[in-house]
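Atoms within each ligand, like the ligands themselves, are counted from 1 in listed order.
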Amino acid sequence: MAYDFDVLIERRGTNCVKWDGLEQRYGDKDLLPFWVADMDFAAAEPIQRALLERIQHPVYGYSSVAASVYEAVISWLERRFSWSIHRDWISFPAGVVNAINLIIQTYTLPGEKVIVQPPVYAPFFNSVRNNGRQVVFNPLVETDRGYVMDFDDLEEKIDSRTRMLILCSPHNPVGRVWRRRELEQLAEICLRHGLLMVSDEIHGDFVYSGHQHIPLASLSPEVEQNTITCMAPSKTFNLAGLATSFVVIPNRSLRDRLNNTLTNVGIDPSALGVIALEAAYRHGEEWLDKLLVYLEGNRDFLKDFIQEEVPGVKMKELEGTYLAWLDCRELQVTGGSLSDFFVKKAKIAVNDGQWFGPGGQGFIRFNIGCPRPLLEEGLNRIREAVKEHRSASVSSRQL
Ligand SMILES: Cc1ncc(COP(=O)(O)O)c(C=O)c1O
């Protein structure tokens with residue numbers, strides 16, 4: 001089947017955060033949005049069909065998760081990642097951020113420490129703080145091979161109050177797909193110190209040629225017993241509005257504890273969400289494989305464009321995710337945030353690197369999950385804004 005990812009779909013007027021939220025977030029509704037992490041593509045046709053069919057039945061009461069939904073998840077993980085799991089290991093929280101909060105509440109006590117690796121998706125550390133736990137930063141280190149984990153720093157920061165590490169894999173926003181030996185080293189340290197590992201693998205389906213996503217828990221039976229994996233079809237198939245995710249917990253006693261929390265707070269899987277999930281994992285694979293080729297084209301287009309046309313901005317290697325991490329430090333923007341600069345001068349919305357915690361200053365996160373014509377227009381705007389900024393800086397230095 002042919003898919004046309006170049007088609008521009010008008011999303012304004014659907015209450016979508018990315019377009020309809022521009023005014024509230026950036027004070028200007030006419031920006032082109034490259035911020036929040038969803039894509040401007042239509043969901044795959046089998047997903048639309050499954051939802052329509054369900055919607056045509058007019059009763060939308062509580063519903064349970066069919067056995068076929070579990071089978072679809074199990075088969076997906078086996079096919080895509082060679083990870084074999086059991087049905088009992090799966091639970092359905094209402095989204096990954098929801099899961100992370102409930103995980104923090106379930107397995108740590110107020111005042112205990114949770115490690116995150118910034119720059120990283122801000123709800124990781126905000127969830128820790130908002131639940132009254134202490135955030136410990138184990139910052140990623142920039143090297144000429146890209147970002148790497150700092151294992152020495154990690155070991156130094158673990159003490160008797162440290163309970164948990166939250167991993168982002170692949171990593172939002174730096175775009176790394178962690179290699180097996182990196183994951184092994186991380187897991188070895190966490191196991192040795194008795195830290196529970198929470199692995200957010202929501203971007204796991206987005207890896208580009210030459211890379212392979214390895215679920216942390218699949219490393220060994222020992223790691224599997226000490227890991228809680230958060231996954232979802234929401235990024236992969238652009239279904240974030242359906243608030244559906246799943247966690248995989250192979251360890252029986254850990255699993256009982258989270259399931260207890262899910263029951264206590266009254267989380268029932270979304271009826272429409274699980275229908276979309278099943279259709280996606282059963283019938284969406286061809287669409288996804290085509291999408292990955294298209295996104296890789298977007299990535300290469302962005303990389304070439306930045307390299308050739310936007311002096312002063314550098315793109316970090318994007319191994320996975322559709323979120324590029326652009327280093328704008330050389331632009332030396334002053335008098336406001338970088339995202340303000342791009343709003344005012346380029347009329348585009350991006351996430352300011354500072355949102356991602358330590359190490360984010362001077363960067364922006366740029367979402368390439370959009371039709372190429374939109375990407376091109378956004379990049380043309382960046383080129384012009386940067387050109388003007390650089391010539392203004394040169395003339396002010398000459399004064
Ligand atoms: C690493 C990561 N985790 C979780 C989420 C959000 O997931 P959910 O919408 O299921 O809460 C995002 C969204 O950008 C993300 O990048």
Side-chain angles (χ1 to χ4, degrees), residues 15-18 21 25 33-41 43 73 90-105 114-128 130-131 140 147 164-178 197-207 213 215-216 228-248 258 262 265 267 269-270 272-274 276-277 280 295 318-325 349-353 355-357 360 363-370:
N15 291 326
C16 67
V17 171
K18 196 175 191 181
R25 169 77 181 248
F34 301 97
W35 62 304
V36 66
D38 71 21
M39 303 186 284
D40 294 315
F41 304 121
V73 171
I90 307 168
S91 311
F92 292 92
V96 170
V97 172
N98 172 254
I100 288 174
N101 277 275
L102 296 177
I103 286 167
I104 292 167
Q105 291 165 15
V114 178
I115 301 184
V116 300
Q117 300 177 305
V120 74
Y121 182 60
F124 278 25
F125 48 86
N126 289 335
S127 302
V128 173
N130 294 342
N131 283 293
L140 299 177
Y147 282 91
M164 183 186 283
L165 176 137
I166 309 178
L167 172 71
C168 197
S169 176
H171 192 96
N172 168 16
V174 309
R176 279 295 319 278
V177 173
W178 304 113
M197 293 181 283
V198 177
S199 190
D200 178 340
E201 303 187 12
I202 195 169
H203 295 282
D205 293 306
F206 293 102
V207 292
H213 173 67
L216 177 68
I228 297 178
T229 307
C230 302
M231 292 179 153
S234 51
K235 298 282 166 219
T236 314
F237 293 98
N238 213 25
L239 308 171
L242 296 176
T244 298
S245 71
F246 61 96
V247 291
V248 180
L258 189 70
L262 289 171
V265 296
I267 298 224
S270 143
L272 294 179
V274 290
L277 176 152
L295 287 176
L318 192 61
E319 301 175 344
T321 84
Y322 54 78
L323 305 163
W325 188 234
V350 293
N351 290 93
D352 196 291
W355 189 71
F356 301 89
F363 289 79
I364 56 169
R365 191 189 73 175
F366 187 91
N367 180 344
I368 61 166
C370 65

Between the side chains of Asn101 and Ser127, does any donor sit under 3.5 Å from an acceptor?
-> yes
Describe, in one word, how the ring planes of His171 and Trp178 are oriented to each other, choosing from parallel (under 30°), tilted (30 to 60°) and perpendicular (over 60°).
-> perpendicular
Would you say Glu201's side chain and Leu216's backbone share a donor-acceptor pair under 3.5 angstrom?
-> yes
Return yes if some donor-acceptor pair links the side-chain N/O of Trp35 with the main-chain N/O of Lys18 below 3.5 Å, else return no.
-> yes
Just jot down the ligand 1 atoms closer than 4.0 angstrom to any heavy atom of Gly95, in number order.
-> 10 (O), 11 (O)
Taking only heavy atoms of His203 into account, list the atoms of ligand 1 that are under 4.0 Å away from them.
-> 1 (C), 15 (C), 16 (O)
Picking from Tyr147, Phe363, Phe125, Trp325, what satisfies ring pair (Phe, Tyr, Trp, His ring centres under 6.0 Å) with Phe356?
-> Trp325
Would you say atom 8 (P) of ligand 1 has a protein heavy atom nearer than 4.0 Å?
-> yes
Give the single entry among Asn172, Thr244, Asp38, Val96 that approaches atom 16 (O) of ligand 1 most closely by any heavy atom.
-> Asn172
Which bit of Asp200 gets closer than 4.0 Å to ligand 1, counting heavy atoms only: side chain, backbone, both or neither?
-> side chain
Counting heavy atoms under 4.0 Å, the part of Ala37 that contacts ligand 1 is side chain
Please write down residue, atom name and distance for the protein heavy atom closest to atom 11 (O) of ligand 1.
-> Val97 N, 2.9 Å
Parallel under 30°, tilted from 30 to 60°, perpendicular over 60°: which one fits the rings of Phe206 and His203?
-> tilted
What's the shortest distance from atom 14 (O) of ligand 1 to any protein heavy atom, and which residue and atom give it?
-> Lys235 NZ, 2.9 Å
How far is atom 12 (C) of ligand 1 from its nearest protein heavy atom, and which residue and atom name does that atom have?
-> Tyr121 CZ, 3.3 Å
Examine ligand 1 and decide if any of its atoms is less than 4.0 Å from a heavy atom belonging to Cys168.
-> yes
Hey, is the main chain of Asp38 close enough, under 3.5 Å, to the side chain of Asn367 for a donor-acceptor pair?
-> yes
